[in-house]
Amino acid sequence: MDPMDEGMRYTPGSSDKDWDTAVTFLPASDNKKLEKKRGPGKVGIIVGLVILAAVLALIIGLLVWHFHFRKDLKLQKIYTGSLRITNQVFVDAYENPDSAEFKNLANQVMDQLKSMYSESPELPKYYIGSRVQAFSEGSVIAYYESEFAVPVGQEAAVDRAVSSLSETYSTKVRRAQQGPLVFDHVVSSALDTRLFSKARTSTRFAQHARSSAEETIKSPGFPDQPYTPNSFVQWQLRGDPGHVLKLSFDTFYLEKNCTNDFVRVYDSLVTMDKHLMAEKCGFYSPSNPLTFISSRNVMLVTFVTNEEGNFPGFRARVTQFSRDSGELACGGKLSGSSGSFKSPNFPSYYPPSTTCQWDIEVPNSKFIKLKFPKFMVSTGSPNCPGDNVQIVGKSTLCGQQPANTMVTVNSNQVSVVFKSDSSQVDRGFSATYEVFEPSDPCPDQFQCNNKRCIDPSLRCDGWNDCGDGTEEKNCKCDASMIQCRNEVCKPMFWRCDGVNDCGDDTDELNCGCKIGEFKCKNDQCVSEKLKCDGNPDCKDGSDEDGCTRDICKASTFACNNGKCITKQNPMCDGQDDCGDNSDESSCDCGKKAYTNSRIVGGQEADMGEFPWQVSLHVKNTAHVCGASIISDLWLVTAAHCVQDDVKIKYAQAGTWEAYLGLHRQTEKQKATKRFLKQIIPHKNYNSHTYDNDIALMELDSPVTFSATIRPICLPTATDVFPTGETVTISGWGATREGGAGAPVLQKANVRIINGTVCDELMNGQITSRMTCAGVLSGGVDACQGDSGGPMSFLTNDRMFLAGVVSWGDGCARRNKPGIYTNVPKFRAWIKEKTGV
Ligand code: ARG
């Protein structure tokens, strides 16, 4: 028995009687009598006076604090900066903060900073002190931190004073009022408070890259364990004089939200915003590498984490190369009738403080067409004040530009100048140029309004190839195309698919069959009476699909009492259609508990939004496939998830562990874990065609349903999910083709695609056991790791398991929908194997 329970329980006994008699309340009148006997209230008066005095003292104290001390309430402000000392020569000992040379020069710098601040009327009274953090070559660059105690409300004035001082000292070479050092290039900026939060444990490393050896830096614990919470780690990286540093991340996997955990890379030895090259968080796959190059021989990397959400972390290589090695060479003269050029280090990040100029000159009578297949040049704002690409005399580009952005120059020469400033770098650009005849800009091609030239066969094919849609206007369509009223052509197989492809609905008009007719999957209309009559009347036989033989022909639900229901989706709609309620029983499914409120191209699901979603792990390793809960004991997944391969026995129940109620892959401990008792793959699963890609898993013990664990409803064998209808897919699969899995459950909406259309798009690989869903223009789809998970369809306010993620041609490609196992086809099989 529960001991707590025992203690609380009321058990009558003798002690109760004692308790009953021992406590007696005095009547109120007795109370007064007792007080009176104590005397004339002297004590009361004294106590009252004391309390009054105490209250008065408190008020006075508060007033004094408010008017006197409050204005002295000070904030700690830290400015980080660097300055160049022009009359000193760098010696190796300056790299070691414990050396006498370092200390001596640092003291001189601190003295001069003090005298520099004393030139400002505001600063001396708030100045606490400075600390030199490092020196580097050139002649000598000092990196420092200055601390001020600033009265509340004065922060902005102090910011202004500090920056105006550094401005004075950055423009002209000056000797500070006293002292032997001559310095210029003073740059400073206020330190982000997140970088000096006291709650963090901080660690600092200093590393010097040698040409011969390769250095690495990595997040604490990498690769054996996730990084630690609340940490601040800083790496001061140096190279030899005349060299620049290259930092190449081979793994980068942090929390997605940069306000929590982030890595910053500075083109400096201190955390100065003016030299902040980039702040990064989230995941970068090795196919999309992150490499940074400094403008000088120093670099600073900081890594900050908050209290929650710990991810694998990062590892990066540090190498150096000579500034004259040609690795970063850019610009020059380009002639000839075509050519290409790119920003330094493309497709990874260009270095800060860089300028490149390309002078293009082509034969006299020709003009020039410039094309930028990729263009990412820091952030874009109207005048491109930061980094930019100037096409001299024509335009200036910055920010992210659409693929293949085009600029035509009506001249035979042009200069292209790329400039990066001291902060915020990006991946840069690639560019090509070619010549054109001024009289014929698109020989043998179609010229779009945006000056692009495209193959004439792409005109009026229903796809926007120009980018501005000009080649799809004023079209006369041939027989294989729908002639939309707005003079656009669209492929005929998009007719009546529930999506307004024309833009004016022409393709979705006159789609239905007449009353009393049945619409076949191939859009043919046949008499309703021919449905489920045992003969295929539609050319694709779809009038005989999903018929419950013998009983209940042409109906949607067979009741327990023998009655047949013909209305669409009668199950769990709140109405007793059968009369024996059998269409409304087993409806404790498909509802999320919360009433409020990878997938490629999706977004993070809310916690508990898909309580039937399961993550299947190979024991003690990682997520492999998804699955759906259909009862307290059974899961549905894909058969291809449970096929042995040379290394792992995926078909054995003992290989797996199932996580139910999981949201974030790193929070397994919060989820419910179950081992498996058995796996039942469909016996007709075909590993070449993925036909019948469905399997059942029995848990080793039942789960209790909760807000985050509940079953999804199973559709009936005759349920149809109409073309064009929206369904939701969910999973922890890759968020881009070839990418890595998502740490947080993702969801996306896609639409059911007509089976015949899909079969054409997928080269005849679609069987009636498959359902297609996607977004034909590309960009949204399930992907590797989503397999086995649900495609959920919302009807009658409940989610039904319409499909199981099965396969696709790549992920999210244009005209390549995702393929799902058609669950209604397996309804009877599920019942037979599980009783559910
Ligand atoms: N077979 C994949 C897996 O094992 C799922 C593929 C889904 N692909 C798609 N493009 N819809 O995770």
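All ligand and atom numbering here is 1-based and tracks the order in the structure.
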Report the C-alpha distance between Lys747 and Glu609 in whole Å, list the side-chain angles of each, state the deciding distance to 0.1 Å, and finish with yes or no for salt bridge (charged side-chain N to carboxylate O under 4.0 Å, His left out). CA-CA 9 Å; Lys747 62 171 176 185; Glu609 195 178 6; 3.0 Å; yes
Could you pull out every donor-acceptor pair under 3.5 Å between side chains of residues 802-810 and any protein atom, sequence neighbours left out?
| unit_1 | atom_1 | unit_2 | atom_2 | d |
| --- | --- | --- | --- | --- |
| Ser806 | OG | Asp693 | OD2 | 2.6 |
| Asp809 | OD1 | Arg813 | NH1 | 3.3 |

Have a look at Ile629 and tell me which of Phe610, Phe705, Trp634 forms a side-chain contact (heavy atoms from CB on, under 4.5 Å) with it. Phe705
Which atom pairs, nitrogen or oxygen on both sides, join ligand 1 and the protein at under 3.5 angstrom?
| unit_1 | atom_1 | unit_2 | atom_2 | d |
| --- | --- | --- | --- | --- |
| ligand 1 | 1 (N) | His640 | NE2 | 3.3 |
| ligand 1 | 1 (N) | Ser787 | OG | 2.9 |
| ligand 1 | 1 (N) | Ser806 | O | 3.1 |
| ligand 1 | 4 (O) | His640 | NE2 | 3.0 |
| ligand 1 | 4 (O) | Ser787 | OG | 2.5 |
| ligand 1 | 10 (N) | Asp781 | OD2 | 2.7 |
| ligand 1 | 10 (N) | Ala782 | O | 3.2 |
| ligand 1 | 10 (N) | Gly810 | O | 3.0 |
| ligand 1 | 11 (N) | Asp781 | OD1 | 2.9 |
| ligand 1 | 11 (N) | Asp781 | OD2 | 3.4 |
| ligand 1 | 11 (N) | Ala782 | O | 3.3 |
| ligand 1 | 12 (O) | Gly785 | N | 2.6 |
| ligand 1 | 12 (O) | Ser787 | N | 3.1 |
| ligand 1 | 12 (O) | Ser787 | OG | 2.6 |

Pair Asp250 + Arg315: basic N to acidic O under 4.0 Å: yes
Aromatic ring proximity, centroids under 6.0 angstrom, Trp829 and His682: yes
Arg751 and Thr726: CA distance, side-chain angles, deciding distance, side-chain contact (heavy atoms from CB on, under 4.5 Å) verdict: CA-CA 4 Å; Arg751 294 206 277 185; Thr726 297; 4.0 Å; yes
